[in-house]
*Asks:* 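Next up is a structure, given as structure tokens.
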Amino acid sequence: MADKKDTSPALQRSWFQELKHEFGKITWPGKTVLAKETGVVLCSAVLLGALIVVVDWLLNMALQFIW
């Protein structure tokens, strides 16, 4: 038969206490760090997008030359 999981209030309370303790360990970045990291991500996305556009354009030109 299927085993029943122990869902006693004491077990649930201890799980929530551990969860609260783990959330207390989280270190959130400050505004300046967050702004710098956001800028890096946005710049990286723009540069990668530009690289993809250039490669696509070059491949398109090459295929038009072949066909």
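Side chains included, hydrogens not; waters and symmetry mates left out as well; all remaining heavy atoms used.
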*Asks:* Is there a continuous path of hydrophobic side-chain contacts, each under 4.5 Å between heavy atoms, that joins Ile66 to Trp57?
*Replies:*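 Ile66 does not cluster with Trp57.
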
*Asks:* Is there a path of hydrophobic side-chain contacts, each under 4.5 Å between heavy atoms of I/L/V/M/F/W/Y residues, joining Phe23 to Phe16?
*Replies:* yes

*Asks:* If the test is side-chain contact (heavy atoms from CB on, under 4.5 Å), which one of Val55, Asn60, Asp56, Val54 qualifies with Leu58?
*Replies:*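 Single pass found, and it is Val54.
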
*Asks:* Roughly how far, to the nearest 0.5 Å, is the OG atom of Ser44 from the CG atom of Leu51?
*Replies:* 12.0 Å

*Asks:* Do Val33 and Trp28 share a hydrophobic cluster (ILVMFWY, side-chain heavy atoms under 4.5 Å, transitive)?
*Replies:* no

*Asks:* Please round to the nearest 0.5 Å and tell me the distance separating atom CG of Leu42 and atom CG of Leu47.
*Replies:* 11.0 Å

